[in-house]
Amino acid sequence: MRVFRREVAEQYFSILSNQFSFTTTITLAFLADDYRVLYVPIDYYRRIGRSKITPKHFMEFMILVVRMAMLFQPLRVFLPMGLILGVVGTAKAIADVAFFVERTPAPGVSMLNQPVLSAS
């Protein structure tokens, strides 16, 4: 069981889901804003029957984690993605220029009038 103060949790009610992910969302929000979350061990009876959690719920949970990361710490999501795409784009531009120079018979000023970078 997670224990937290209601008055602290109320500030997050606008982003909380009324479905399965309430506890996960509130926990991630607290941890992202450096609030202390206590985990209190409790006694409970073993479940009778089958769990209703499906593989679809795992994908929803992963989307929730990314959404919460983008909400509270967007640079942790977008900075690595931007760096990776920047490196790939730079490598593609270098490759385009190298292939263009390789297939041009006589390098010179006339090279400036021709398209070098591919549309991709």
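Everything numeric here is computed off the predicted structure, so don't read it as measured data.
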Contacts under 3.5 angstrom, residues 36-44 side chains, donor-acceptor by atom type, not counting sequence neighbours:
none

### Same apolar cluster: Leu64 and Met62, side chain cutoff 4.5 Å
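Looking at the clustering, Met62 is in the same group as Leu64.
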#### Entry: Within-4.5 Å side-chain heavy-atom neighbours: Val65 and Met68
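Counting from C-beta outward, Val65 and Met68 never come under 4.5 Å.
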### Task
Taking ring pair (Phe, Tyr, Trp, His ring centres under 6.0 Å) as the test, write out the residues that go with Tyr35, two or more places apart.
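Partners of Tyr35 under the ring pair (Phe, Tyr, Trp, His ring centres under 6.0 Å) test: Phe30.
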Looking at [atom1] of [X] and [atom2] of [Y], how far apart are the two atoms once the value is rounded to the nearest 0.5 Å?
X	Y	atom1	atom2	result
Asp33	Leu28	CG	CG	11.0 Å
Phe72	Arg67	CZ	CZ	10.0 Å
Leu71	Tyr12	CG	OH	9.5 Å
Arg76	Met70	CZ	CE	15.0 Å
Leu79	Leu83	CG	CG	4.5 Å
Met81	Ile84	CE	CD1	8.0 Å

### Query
What do you reckon, is CZ of Phe58 surrounded by more than 12 foreign heavy atoms closer than 6.0 Å?
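Not more than 12 within 6.0 Å, no.
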### Over all atoms of both residues, closest heavy-atom pair of Val66 and Val77
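The pair with the smallest heavy-atom distance is O-CG2, 4.4 Å.
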### Task
Grab the two heavy atoms, one from Ala9 and one from Ile26, that are nearest each other, plus how far apart they are.
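So the minimum-distance heavy-atom pair works out to CB-CD1, 3.9 Å.
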### Query
With sequence neighbours excluded, what pairs up with Arg5 under the salt bridge (Lys or Arg N to Asp or Glu O under 4.0 Å) test?
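Testing Arg5 for salt bridge (Lys or Arg N to Asp or Glu O under 4.0 Å), a comparison that skips the adjacent residues, returns none.
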